[in-house]
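See below for the structure under consideration.
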Amino acid sequence: MKKLYLAILVGSLLSCKKNMTVELVAEQDLIKKAKSYFEVEVLTKESYTAATKNNGLSPLNDKRSYMWNDAYTINFNGRSSVIVPVEYKSPFVMTSNLNRNRLYSPNSLIRLLIYPDETNHFHTQQLIVLPDSSYTGGNRFSGVVLFSDPNGKATKGFQYSGNGTVYELTLNSNNQSRGSFICIEYSGYNYSPINGEYYYWTQSGGCYYFSDPSPEKFMIYDVGENAGGGGDSGGGYFEPVNTFTIAAGDNVIANVQDYLKCFDNIPGNDHTYQVTVCVAQPKPGSREAWGFTNAGSSPVDVGHTFLILTEKTTNKIITRNVGFYPAESVWPYDPIAPGQLNNDANKTYNVSLTITMTSSEFTNVVNYISQQGYQYNLNDNNCTTFALNALSSAGYDLPRTKGIWSGGSGLNPGDLGEDIRQMNVSPNMTKNTAFNAHPNMGDCL
Amino acid sequence: MKNKIIIVVLFVLLSQISKGQIKWSTTRDWRIYRLSPPNVFACSVDTLKNLKSVSLDSLAIHSFLQEAKLWPKEKYAAWMGAYLASYVDDSHHLRKCLISTYGRFFYDENTKRYYELPENVGDRWMNFIEKSVEKLSSFKF
(Lines give C-alpha, C1' and ligand atoms only; values in the text may rest on other atoms or scores of the structure.)
Protein backbone atom coordinates (compact mmCIF):
# COMPACT_ATOMS: atom_id res chain seq x y z
CA MET A 1 0.00 0.00 0.00
CA LYS A 2 2.83 2.35 0.91
CA LYS A 3 4.42 1.61 -2.45
CA LEU A 4 1.16 2.53 -4.16
CA TYR A 5 0.95 5.89 -2.32
CA LEU A 6 4.55 6.58 -3.18
CA ALA A 7 3.92 5.76 -6.81
CA ILE A 8 0.91 8.09 -6.87
CA LEU A 9 2.92 10.86 -5.21
CA VAL A 10 5.83 10.46 -7.58
CA GLY A 11 3.43 10.28 -10.48
CA SER A 12 1.75 13.50 -9.34
CA LEU A 13 5.05 15.26 -8.98
CA LEU A 14 6.19 14.07 -12.36
CA SER A 15 2.88 15.14 -13.82
CA CYS A 16 3.26 18.64 -12.29
CA LYS A 17 6.75 18.91 -13.65
CA LYS A 18 5.58 17.68 -17.02
CA ASN A 19 2.74 20.22 -17.06
CA MET A 20 5.14 23.03 -16.23
CA THR A 21 7.49 21.83 -18.93
CA VAL A 22 4.66 21.61 -21.44
CA GLU A 23 3.54 25.15 -20.58
CA LEU A 24 7.07 26.49 -20.97
CA VAL A 25 7.48 24.81 -24.34
CA ALA A 26 4.10 26.11 -25.45
CA GLU A 27 5.05 29.66 -24.43
CA GLN A 28 8.36 29.51 -26.23
CA ASP A 29 6.70 28.03 -29.29
CA LEU A 30 4.16 30.85 -29.37
CA ILE A 31 6.87 33.49 -29.07
CA LYS A 32 8.80 31.83 -31.86
CA LYS A 33 5.75 31.81 -34.13
CA ALA A 34 4.93 35.40 -33.27
CA LYS A 35 8.49 36.44 -34.10
CA SER A 36 8.38 34.63 -37.41
CA TYR A 37 5.06 36.26 -38.31
CA PHE A 38 6.29 39.71 -37.29
CA GLU A 39 9.56 39.53 -39.19
CA VAL A 40 8.08 38.08 -42.35
CA GLU A 41 4.69 39.76 -42.60
CA VAL A 42 4.97 43.00 -40.64
CA LEU A 43 8.50 44.40 -40.59
CA THR A 44 8.66 44.50 -44.35
CA LYS A 45 5.68 46.82 -44.50
CA GLU A 46 6.33 50.52 -45.06
CA SER A 47 4.70 51.55 -41.83
CA TYR A 48 7.43 49.84 -39.87
CA THR A 49 10.36 51.40 -41.65
CA ALA A 50 11.85 54.33 -39.83
CA ALA A 51 10.94 57.82 -40.93
CA THR A 52 13.65 60.41 -41.24
CA LYS A 53 14.06 62.20 -37.99
CA ASN A 54 13.82 65.96 -38.24
CA ASN A 55 14.14 68.56 -35.55
CA GLY A 56 10.84 69.25 -33.88
CA LEU A 57 9.19 66.02 -35.00
CA SER A 58 8.24 63.28 -32.65
CA PRO A 59 10.79 60.50 -32.38
CA LEU A 60 8.04 57.98 -31.60
CA ASN A 61 8.35 56.52 -35.08
CA ASP A 62 12.11 56.27 -34.97
CA LYS A 63 14.09 53.09 -35.46
CA ARG A 64 13.70 50.55 -32.71
CA SER A 65 14.69 46.98 -31.96
CA TYR A 66 12.38 44.30 -30.68
CA MET A 67 13.73 42.44 -27.66
CA TRP A 68 12.55 38.94 -28.40
CA ASN A 69 14.74 37.43 -25.69
CA ASP A 70 12.65 39.32 -23.13
CA ALA A 71 9.29 38.52 -24.72
CA TYR A 72 6.61 36.81 -22.65
CA THR A 73 3.04 35.62 -23.07
CA ILE A 74 -0.19 36.96 -21.61
CA ASN A 75 -3.85 36.16 -21.92
CA PHE A 76 -5.39 38.76 -24.22
CA ASN A 77 -9.02 38.50 -25.23
CA GLY A 78 -9.03 34.95 -23.99
CA ARG A 79 -6.10 33.84 -26.13
CA SER A 80 -2.41 33.45 -25.43
CA SER A 81 -0.64 36.43 -26.90
CA VAL A 82 2.89 37.79 -26.90
CA ILE A 83 4.31 40.98 -25.41
CA VAL A 84 7.68 42.14 -26.76
CA PRO A 85 9.71 44.99 -25.22
CA VAL A 86 11.22 47.52 -27.61
CA GLU A 87 14.45 49.46 -27.56
CA TYR A 88 14.81 52.70 -29.46
CA LYS A 89 18.09 53.25 -31.25
CA SER A 90 18.43 56.89 -30.28
CA PRO A 91 17.62 57.88 -26.72
CA PHE A 92 14.90 60.35 -25.88
CA VAL A 93 12.49 60.96 -23.02
CA MET A 94 8.75 61.26 -23.22
CA THR A 95 5.61 61.86 -21.24
CA SER A 96 2.04 62.94 -21.92
CA ASN A 97 -0.39 65.65 -20.89
CA LEU A 98 -1.68 63.23 -18.23
CA ASN A 99 1.39 64.01 -16.15
CA ARG A 100 4.02 66.36 -17.51
CA ASN A 101 6.09 66.22 -14.33
CA ARG A 102 7.31 62.69 -14.90
CA LEU A 103 9.51 61.66 -17.76
CA TYR A 104 10.16 58.16 -19.00
CA SER A 105 12.28 56.34 -21.45
CA PRO A 106 10.03 55.18 -24.32
CA ASN A 107 11.52 51.72 -23.81
CA SER A 108 9.67 51.52 -20.50
CA LEU A 109 6.32 52.71 -21.86
CA ILE A 110 6.02 51.07 -25.26
CA ARG A 111 5.49 47.38 -26.01
CA LEU A 112 4.62 45.30 -29.03
CA LEU A 113 1.55 43.09 -28.71
CA ILE A 114 1.05 40.15 -31.06
CA TYR A 115 -2.20 38.28 -30.64
CA PRO A 116 -4.14 35.64 -32.58
CA ASP A 117 -7.69 36.03 -33.76
CA GLU A 118 -10.35 33.31 -33.80
CA THR A 119 -8.79 31.83 -36.90
CA ASN A 120 -5.35 31.84 -35.23
CA HIS A 121 -4.06 34.50 -37.56
CA PHE A 122 -1.70 36.95 -35.85
CA HIS A 123 -2.26 40.67 -35.52
CA THR A 124 0.01 43.41 -34.22
CA GLN A 125 -0.53 46.44 -32.06
CA GLN A 126 1.79 48.79 -30.28
CA LEU A 127 0.94 49.45 -26.65
CA ILE A 128 1.71 52.83 -25.10
CA VAL A 129 1.42 53.12 -21.31
CA LEU A 130 0.75 56.65 -20.03
CA PRO A 131 0.62 57.03 -16.24
CA ASP A 132 -1.33 60.01 -14.99
CA SER A 133 -0.52 62.41 -12.16
CA SER A 134 -2.35 60.25 -9.61
CA TYR A 135 -0.07 57.34 -10.18
CA THR A 136 2.96 57.28 -7.95
CA GLY A 137 3.67 53.58 -7.96
CA GLY A 138 2.39 53.16 -4.43
CA ASN A 139 -1.09 52.37 -5.68
CA ARG A 140 -2.93 50.69 -8.50
CA PHE A 141 -2.04 51.86 -11.94
CA SER A 142 -3.93 54.95 -13.05
CA GLY A 143 -3.59 56.37 -16.50
CA VAL A 144 -4.17 55.29 -20.04
CA VAL A 145 -3.00 52.42 -22.20
CA LEU A 146 -3.39 53.00 -25.93
CA PHE A 147 -3.34 50.50 -28.75
CA SER A 148 -1.64 52.12 -31.68
CA ASP A 149 0.17 51.61 -34.93
CA PRO A 150 3.98 51.88 -34.84
CA ASN A 151 3.79 55.65 -35.39
CA GLY A 152 1.80 56.21 -32.23
CA LYS A 153 -1.57 56.65 -33.95
CA ALA A 154 -4.01 54.89 -31.69
CA THR A 155 -7.59 53.91 -32.28
CA LYS A 156 -8.54 52.51 -28.90
CA GLY A 157 -7.36 51.94 -25.39
CA PHE A 158 -8.23 51.68 -21.73
CA GLN A 159 -8.30 54.28 -19.02
CA TYR A 160 -7.51 53.05 -15.50
CA SER A 161 -8.86 55.15 -12.65
CA GLY A 162 -6.66 53.61 -9.99
CA ASN A 163 -9.55 52.28 -7.92
CA GLY A 164 -10.25 49.32 -10.16
CA THR A 165 -12.59 51.11 -12.56
CA VAL A 166 -11.59 50.76 -16.17
CA TYR A 167 -13.10 52.56 -19.14
CA GLU A 168 -12.69 51.50 -22.70
CA LEU A 169 -11.54 54.29 -24.96
CA THR A 170 -12.49 54.65 -28.61
CA LEU A 171 -10.93 57.16 -30.96
CA ASN A 172 -13.16 60.16 -31.59
CA SER A 173 -12.04 60.47 -35.18
CA ASN A 174 -14.96 62.59 -36.34
CA ASN A 175 -15.00 64.95 -33.35
CA GLN A 176 -18.38 63.65 -32.48
CA SER A 177 -19.97 64.93 -29.34
CA ARG A 178 -20.58 61.69 -27.48
CA GLY A 179 -20.21 62.59 -23.88
CA SER A 180 -16.93 62.59 -21.98
CA PHE A 181 -13.74 62.31 -23.87
CA ILE A 182 -10.05 62.60 -23.23
CA CYS A 183 -7.38 64.00 -25.51
CA ILE A 184 -3.82 62.78 -25.37
CA GLU A 185 -0.72 64.71 -26.29
CA TYR A 186 2.73 63.13 -26.19
CA SER A 187 5.73 65.30 -25.53
CA GLY A 188 9.35 64.90 -24.71
CA TYR A 189 12.93 65.81 -25.31
CA ASN A 190 15.36 64.46 -27.76
CA TYR A 191 18.66 64.15 -25.99
CA SER A 192 22.02 63.83 -27.59
CA PRO A 193 24.97 64.21 -25.24
CA ILE A 194 27.42 63.70 -28.07
CA ASN A 195 26.63 66.76 -30.13
CA GLY A 196 24.81 68.72 -27.49
CA GLU A 197 21.52 68.86 -29.37
CA TYR A 198 18.33 69.11 -27.41
CA TYR A 199 14.87 69.82 -28.68
CA TYR A 200 11.37 69.65 -27.34
CA TRP A 201 8.73 67.84 -29.38
CA THR A 202 5.02 67.21 -29.16
CA GLN A 203 2.67 64.89 -30.99
CA SER A 204 -1.07 64.55 -30.79
CA GLY A 205 -2.20 61.18 -29.48
CA GLY A 206 -5.83 61.65 -30.47
CA CYS A 207 -9.05 62.18 -28.56
CA TYR A 208 -11.07 59.28 -27.20
CA TYR A 209 -14.55 59.00 -25.81
CA PHE A 210 -15.27 56.82 -22.82
CA SER A 211 -17.46 53.78 -22.76
CA ASP A 212 -19.27 52.71 -19.63
CA PRO A 213 -17.07 51.24 -16.92
CA SER A 214 -16.10 47.69 -17.69
CA PRO A 215 -14.44 44.92 -15.76
CA GLU A 216 -10.70 45.19 -15.89
CA LYS A 217 -10.13 43.48 -19.19
CA PHE A 218 -6.52 44.28 -19.71
CA MET A 219 -4.43 43.87 -16.59
CA ILE A 220 -1.50 46.13 -16.02
CA TYR A 221 0.85 46.42 -13.11
CA ASP A 222 4.07 48.12 -12.35
CA VAL A 223 6.75 45.61 -11.57
CA GLY A 224 7.89 47.99 -8.88
CA GLU A 225 10.39 47.85 -6.10
CA ASN A 226 8.21 45.72 -3.86
CA ALA A 227 6.50 43.68 -6.52
CA GLY A 228 6.33 40.02 -5.63
CA GLY A 229 6.44 38.93 -9.23
CA GLY A 230 2.74 38.15 -9.36
CA GLY A 231 0.24 39.18 -12.00
CA ASP A 232 -2.41 40.79 -9.86
CA SER A 233 -2.93 44.32 -11.08
CA GLY A 234 -3.96 45.56 -7.69
CA GLY A 235 -1.85 43.41 -5.46
CA GLY A 236 0.98 44.53 -3.29
CA TYR A 237 2.50 47.88 -2.50
CA PHE A 238 4.64 49.56 -5.07
CA GLU A 239 7.30 52.14 -4.40
CA PRO A 240 6.82 55.37 -6.37
CA VAL A 241 8.00 55.08 -9.90
CA ASN A 242 11.18 57.05 -10.16
CA THR A 243 11.04 59.87 -12.57
CA PHE A 244 13.49 58.83 -15.14
CA THR A 245 15.45 60.44 -17.85
CA ILE A 246 17.67 58.66 -20.26
CA ALA A 247 20.52 57.03 -18.44
CA ALA A 248 22.76 59.95 -19.22
CA GLY A 249 23.40 60.96 -15.68
CA ASP A 250 26.78 60.21 -14.22
CA ASN A 251 27.95 61.60 -17.55
CA VAL A 252 31.11 63.53 -17.21
CA ILE A 253 30.91 66.89 -18.93
CA ALA A 254 33.89 66.68 -21.21
CA ASN A 255 33.88 70.32 -22.27
CA VAL A 256 32.01 72.59 -19.91
CA GLN A 257 32.30 75.68 -22.14
CA ASP A 258 30.66 73.78 -24.96
CA TYR A 259 28.07 72.36 -22.55
CA LEU A 260 27.05 75.87 -21.46
CA LYS A 261 27.53 77.66 -24.77
CA CYS A 262 23.81 78.15 -25.49
CA PHE A 263 23.30 80.55 -22.61
CA ASP A 264 23.53 84.20 -23.54
CA ASN A 265 23.72 87.43 -21.59
CA ILE A 266 20.83 89.60 -22.70
CA PRO A 267 19.27 91.94 -20.18
CA GLY A 268 15.62 92.78 -20.52
CA ASN A 269 12.20 91.54 -19.60
CA ASP A 270 11.98 89.02 -22.40
CA HIS A 271 14.79 86.88 -20.90
CA THR A 272 14.48 85.11 -17.56
CA TYR A 273 17.52 83.63 -15.89
CA GLN A 274 17.29 81.19 -13.00
CA VAL A 275 19.69 79.08 -10.99
CA THR A 276 18.28 76.29 -8.84
CA VAL A 277 20.38 74.69 -6.14
CA CYS A 278 19.11 71.15 -5.55
CA VAL A 279 19.93 69.14 -2.45
CA ALA A 280 19.60 65.41 -1.90
CA GLN A 281 20.01 65.15 1.86
CA PRO A 282 21.29 61.83 3.23
CA LYS A 283 18.30 61.92 5.54
CA PRO A 284 15.57 64.30 4.33
CA GLY A 285 14.71 66.79 7.04
CA SER A 286 17.91 66.15 8.96
CA ARG A 287 21.27 67.87 9.25
CA GLU A 288 22.96 64.50 9.53
CA ALA A 289 26.07 64.72 7.40
CA TRP A 290 27.49 61.24 7.28
CA GLY A 291 26.20 58.11 8.92
CA PHE A 292 29.14 55.78 9.03
CA THR A 293 32.07 56.18 11.32
CA ASN A 294 34.60 53.52 10.50
CA ALA A 295 35.69 50.94 8.02
CA GLY A 296 33.72 47.74 8.04
CA SER A 297 30.47 49.58 8.67
CA SER A 298 27.85 49.41 6.02
CA PRO A 299 28.04 52.32 3.58
CA VAL A 300 25.77 55.30 3.91
CA ASP A 301 25.05 57.92 1.27
CA VAL A 302 26.49 61.35 1.96
CA GLY A 303 23.93 63.00 -0.32
CA HIS A 304 24.57 65.45 -3.11
CA THR A 305 24.13 69.09 -4.12
CA PHE A 306 23.93 70.25 -7.72
CA LEU A 307 22.77 73.18 -9.84
CA ILE A 308 20.20 73.65 -12.57
CA LEU A 309 20.75 76.61 -14.88
CA THR A 310 17.78 77.85 -16.91
CA GLU A 311 17.29 80.60 -19.45
CA LYS A 312 13.77 81.29 -20.75
CA THR A 313 12.59 83.48 -23.56
CA THR A 314 9.34 83.62 -25.46
CA ASN A 315 10.49 80.97 -27.91
CA LYS A 316 13.03 78.85 -26.09
CA ILE A 317 13.98 77.25 -22.79
CA ILE A 318 17.54 76.19 -22.18
CA THR A 319 18.32 74.06 -19.15
CA ARG A 320 21.61 72.51 -18.09
CA ASN A 321 22.33 70.45 -14.99
CA VAL A 322 25.74 70.59 -13.32
CA GLY A 323 27.13 68.69 -10.33
CA PHE A 324 30.67 68.57 -8.93
CA TYR A 325 32.28 65.23 -8.16
CA PRO A 326 35.69 63.74 -7.53
CA ALA A 327 37.15 61.88 -10.47
CA GLU A 328 38.52 59.27 -8.04
CA SER A 329 37.11 57.75 -4.88
CA VAL A 330 37.53 59.86 -1.76
CA TRP A 331 37.26 59.21 1.95
CA PRO A 332 38.05 61.22 5.06
CA TYR A 333 41.67 60.07 5.15
CA ASP A 334 42.25 60.75 1.46
CA PRO A 335 39.77 63.53 0.77
CA ILE A 336 41.40 65.11 -2.28
CA ALA A 337 41.06 64.14 -5.93
CA PRO A 338 40.85 65.91 -9.26
CA GLY A 339 37.36 67.34 -9.67
CA GLN A 340 34.98 66.78 -12.52
CA LEU A 341 31.63 68.17 -13.56
CA ASN A 342 28.73 65.82 -14.32
CA ASN A 343 25.44 66.22 -16.07
CA ASP A 344 23.07 65.56 -13.15
CA ALA A 345 19.87 65.55 -15.21
CA ASN A 346 18.77 62.24 -13.70
CA LYS A 347 19.56 63.02 -10.08
CA THR A 348 16.85 63.25 -7.46
CA TYR A 349 16.65 65.85 -4.71
CA ASN A 350 14.37 66.56 -1.76
CA VAL A 351 14.75 70.30 -1.34
CA SER A 352 15.64 73.08 -3.74
CA LEU A 353 15.93 76.84 -3.96
CA THR A 354 15.35 78.66 -7.24
CA ILE A 355 16.81 82.13 -7.65
CA THR A 356 15.74 84.39 -10.48
CA MET A 357 18.71 86.52 -11.47
CA THR A 358 19.73 89.27 -13.81
CA SER A 359 21.55 88.28 -16.96
CA SER A 360 24.87 89.51 -15.61
CA GLU A 361 24.46 87.63 -12.32
CA PHE A 362 23.59 84.48 -14.25
CA THR A 363 26.62 84.95 -16.48
CA ASN A 364 28.82 85.16 -13.39
CA VAL A 365 27.53 81.74 -12.34
CA VAL A 366 28.15 80.32 -15.80
CA ASN A 367 31.67 81.75 -15.81
CA TYR A 368 32.42 80.34 -12.37
CA ILE A 369 31.31 76.86 -13.43
CA SER A 370 33.26 77.12 -16.67
CA GLN A 371 36.61 77.61 -14.97
CA GLN A 372 38.96 74.68 -15.29
CA GLY A 373 41.25 72.96 -12.84
CA TYR A 374 38.99 72.48 -9.85
CA GLN A 375 40.26 70.11 -7.23
CA TYR A 376 37.74 68.18 -5.21
CA ASN A 377 38.19 68.18 -1.46
CA LEU A 378 35.75 66.25 0.70
CA ASN A 379 36.14 68.89 3.43
CA ASP A 380 36.84 72.20 1.75
CA ASN A 381 35.63 71.97 -1.84
CA ASN A 382 32.92 69.35 -2.20
CA CYS A 383 29.70 69.43 -4.21
CA THR A 384 27.99 71.70 -1.70
CA THR A 385 30.92 74.07 -1.55
CA PHE A 386 31.01 74.28 -5.31
CA ALA A 387 27.32 75.10 -5.58
CA LEU A 388 27.43 77.76 -2.86
CA ASN A 389 30.54 79.35 -4.35
CA ALA A 390 28.87 79.47 -7.74
CA LEU A 391 25.93 81.34 -6.20
CA SER A 392 28.27 83.62 -4.28
CA SER A 393 29.90 84.63 -7.57
CA ALA A 394 26.53 86.15 -8.45
CA GLY A 395 26.18 87.85 -5.09
CA TYR A 396 23.93 85.28 -3.45
CA ASP A 397 25.42 84.11 -0.17
CA LEU A 398 23.42 81.25 1.29
CA PRO A 399 24.03 80.00 4.86
CA ARG A 400 27.16 77.87 5.17
CA THR A 401 26.58 75.59 8.13
CA LYS A 402 29.39 73.10 8.54
CA GLY A 403 29.00 69.57 9.74
CA ILE A 404 31.43 67.26 11.44
CA TRP A 405 32.15 63.66 10.57
CA SER A 406 34.77 61.16 11.51
CA GLY A 407 38.00 62.41 10.04
CA GLY A 408 36.67 65.66 8.65
CA SER A 409 34.23 68.53 8.56
CA GLY A 410 32.77 70.95 6.08
CA LEU A 411 29.76 72.07 4.12
CA ASN A 412 27.42 69.21 3.34
CA PRO A 413 24.01 68.43 1.80
CA GLY A 414 22.41 67.62 5.14
CA ASP A 415 23.07 71.06 6.59
CA LEU A 416 22.43 72.95 3.36
CA GLY A 417 19.08 71.27 2.94
CA GLU A 418 18.01 72.36 6.40
CA ASP A 419 19.43 75.84 5.90
CA ILE A 420 17.29 76.21 2.79
CA ARG A 421 14.20 74.88 4.54
CA GLN A 422 14.65 77.38 7.37
CA MET A 423 15.84 80.45 5.53
CA ASN A 424 13.71 83.48 4.81
CA VAL A 425 13.63 83.98 1.09
CA SER A 426 13.66 87.14 -0.98
CA PRO A 427 10.95 87.87 -3.57
CA ASN A 428 13.17 86.49 -6.35
CA MET A 429 13.57 83.13 -4.60
CA THR A 430 11.35 80.07 -4.41
CA LYS A 431 11.77 77.08 -2.12
CA ASN A 432 10.53 73.64 -3.12
CA THR A 433 10.39 70.37 -1.19
CA ALA A 434 8.84 68.28 -3.97
CA PHE A 435 10.89 66.68 -6.71
CA ASN A 436 10.34 67.83 -10.29
CA ALA A 437 11.93 66.26 -13.32
CA HIS A 438 14.68 68.47 -14.67
CA PRO A 439 16.06 67.20 -17.96
CA ASN A 440 18.49 69.21 -20.00
CA MET A 441 16.67 70.96 -22.80
CA GLY A 442 16.96 73.56 -25.48
CA ASP A 443 19.59 74.23 -28.10
CA CYS A 444 21.39 77.24 -29.40
CA LEU A 445 19.35 79.36 -31.79
CA MET B 1 62.78 20.65 6.58
CA LYS B 2 63.84 24.19 5.83
CA ASN B 3 62.06 24.01 2.47
CA LYS B 4 58.91 22.77 4.14
CA ILE B 5 58.97 25.69 6.57
CA ILE B 6 59.43 28.11 3.71
CA ILE B 7 56.52 26.58 1.86
CA VAL B 8 54.29 26.81 4.93
CA VAL B 9 55.27 30.43 5.54
CA LEU B 10 54.64 31.31 1.91
CA PHE B 11 51.28 29.60 2.06
CA VAL B 12 50.30 31.55 5.16
CA LEU B 13 51.45 34.82 3.60
CA LEU B 14 49.53 34.18 0.40
CA SER B 15 46.44 33.31 2.41
CA GLN B 16 46.64 36.60 4.25
CA ILE B 17 47.16 38.58 1.07
CA SER B 18 44.23 36.98 -0.69
CA LYS B 19 41.98 37.02 2.34
CA GLY B 20 38.83 38.90 1.41
CA GLN B 21 39.62 38.77 -2.29
CA ILE B 22 36.66 37.20 -4.01
CA LYS B 23 37.27 35.01 -7.01
CA TRP B 24 34.84 36.88 -9.24
CA SER B 25 35.04 34.33 -12.03
CA THR B 26 33.19 31.85 -9.82
CA THR B 27 30.29 34.21 -9.18
CA ARG B 28 27.14 33.97 -11.23
CA ASP B 29 23.58 35.27 -11.65
CA TRP B 30 24.49 38.91 -11.30
CA ARG B 31 21.47 41.20 -11.11
CA ILE B 32 20.86 44.90 -10.71
CA TYR B 33 17.81 46.23 -8.89
CA ARG B 34 15.36 49.06 -9.09
CA LEU B 35 15.87 50.76 -5.75
CA SER B 36 17.23 54.19 -4.97
CA PRO B 37 19.29 55.71 -2.20
CA PRO B 38 18.94 55.73 0.73
CA ASN B 39 17.05 52.42 0.54
CA VAL B 40 19.84 50.69 -1.38
CA PHE B 41 22.05 50.91 1.66
CA ALA B 42 19.53 49.64 4.16
CA CYS B 43 17.83 46.75 2.39
CA SER B 44 18.82 43.23 3.37
CA VAL B 45 19.70 40.32 1.13
CA ASP B 46 16.54 38.42 1.94
CA THR B 47 14.36 41.26 0.62
CA LEU B 48 16.05 41.28 -2.78
CA LYS B 49 13.70 38.66 -4.13
CA ASN B 50 10.85 41.14 -3.77
CA LEU B 51 12.49 43.78 -5.92
CA LYS B 52 12.38 44.11 -9.62
CA SER B 53 15.71 43.37 -11.24
CA VAL B 54 17.39 42.59 -14.50
CA SER B 55 20.27 40.26 -15.10
CA LEU B 56 23.74 41.51 -15.87
CA ASP B 57 25.71 39.82 -18.59
CA SER B 58 27.99 37.33 -16.83
CA LEU B 59 30.77 37.46 -19.38
CA ALA B 60 30.86 41.24 -19.21
CA ILE B 61 30.82 41.25 -15.43
CA HIS B 62 33.63 38.74 -15.18
CA SER B 63 35.61 40.69 -17.72
CA PHE B 64 35.29 43.89 -15.71
CA LEU B 65 35.77 42.36 -12.28
CA GLN B 66 38.84 40.33 -13.10
CA GLU B 67 40.63 43.67 -13.05
CA ALA B 68 39.11 44.80 -9.77
CA LYS B 69 41.58 45.72 -7.06
CA LEU B 70 40.80 45.00 -3.42
CA TRP B 71 41.18 47.95 -1.10
CA PRO B 72 42.87 47.62 2.29
CA LYS B 73 40.28 46.69 4.85
CA GLU B 74 40.76 50.00 6.65
CA LYS B 75 39.75 51.99 3.61
CA TYR B 76 36.19 53.01 2.72
CA ALA B 77 34.62 55.70 0.58
CA ALA B 78 32.16 58.54 0.56
CA TRP B 79 29.05 57.42 -1.28
CA MET B 80 27.33 59.93 -3.54
CA GLY B 81 24.72 57.64 -5.02
CA ALA B 82 24.71 53.88 -5.59
CA TYR B 83 23.23 51.09 -7.62
CA LEU B 84 22.07 47.92 -5.88
CA ALA B 85 23.29 44.63 -7.30
CA SER B 86 23.58 41.01 -6.24
CA TYR B 87 25.35 37.82 -7.23
CA VAL B 88 25.47 34.17 -6.25
CA ASP B 89 28.82 33.00 -4.94
CA ASP B 90 30.50 29.63 -5.33
CA SER B 91 28.79 28.34 -2.19
CA HIS B 92 25.41 29.20 -3.77
CA HIS B 93 24.69 32.08 -1.42
CA LEU B 94 23.04 35.28 -2.62
CA ARG B 95 25.24 38.30 -1.89
CA LYS B 96 24.52 42.01 -2.01
CA CYS B 97 26.79 44.46 -3.77
CA LEU B 98 26.68 48.26 -4.03
CA ILE B 99 28.06 49.96 -7.13
CA SER B 100 29.13 53.57 -6.82
CA THR B 101 27.94 56.15 -9.33
CA TYR B 102 31.39 57.73 -9.30
CA GLY B 103 34.96 56.67 -8.77
CA ARG B 104 34.76 53.14 -10.24
CA PHE B 105 34.46 51.45 -6.84
CA PHE B 106 31.97 48.96 -5.48
CA TYR B 107 31.30 47.31 -2.13
CA ASP B 108 30.67 43.68 -1.28
CA GLU B 109 28.39 43.53 1.73
CA ASN B 110 29.23 39.98 2.73
CA THR B 111 32.95 40.58 3.11
CA LYS B 112 32.48 44.31 3.85
CA ARG B 113 35.28 45.15 1.46
CA TYR B 114 35.69 47.66 -1.29
CA TYR B 115 36.96 47.03 -4.80
CA GLU B 116 38.03 49.44 -7.47
CA LEU B 117 38.24 49.07 -11.23
CA PRO B 118 41.15 50.58 -13.16
CA GLU B 119 40.75 53.99 -14.72
CA ASN B 120 40.86 52.71 -18.29
CA VAL B 121 37.62 50.74 -17.89
CA GLY B 122 35.70 53.36 -15.89
CA ASP B 123 33.62 54.77 -18.75
CA ARG B 124 32.78 51.36 -20.16
CA TRP B 125 31.84 50.11 -16.70
CA MET B 126 29.41 52.97 -16.05
CA ASN B 127 27.89 52.69 -19.52
CA PHE B 128 27.35 48.98 -18.93
CA ILE B 129 25.68 49.59 -15.57
CA GLU B 130 23.51 52.46 -16.80
CA LYS B 131 22.30 50.50 -19.83
CA SER B 132 21.24 47.71 -17.52
CA VAL B 133 19.51 50.09 -15.12
CA GLU B 134 17.52 51.60 -17.95
CA LYS B 135 15.72 48.31 -18.46
CA LEU B 136 14.33 48.49 -14.94
CA SER B 137 11.81 51.32 -15.27
CA SER B 138 8.98 49.60 -17.01
CA PHE B 139 5.47 48.27 -16.76
CA LYS B 140 4.29 44.72 -17.31
CA PHE B 141 1.03 43.50 -18.76
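Throughout, protein chains are lettered first and strands after them, A, B, ... in sequence-line order, and every chain is numbered starting at 1.
Among A/Cys383, A/Pro413, A/Pro326, the one residue that satisfies the side-chain contact (heavy atoms from CB on, under 4.5 Å) test with B/Met80 is A/Pro326.
The aromatic rings of A/Tyr333 and B/Tyr76 sit perpendicular, their planes meeting at an angle over 60°, well past the 30° parallel limit.
Nearest heavy atoms, B/Trp71 versus A/Ser329: CZ2-OG, 3.1 Å.
A 6.0 Å sphere centred on CG of B/Asp29 holds more than 12 heavy atoms belonging to other residues, nucleotides or ligands. With a 6.0 Å radius and a threshold of 12 heavy atoms from other residues, nucleotides or ligands, A/Asn69 has its CG atom at or below the threshold.
From A/His304, atom NE2 reaches atom CH2 of B/Trp79 across 15.5 Å, with rounding to the nearest 0.5 Å.
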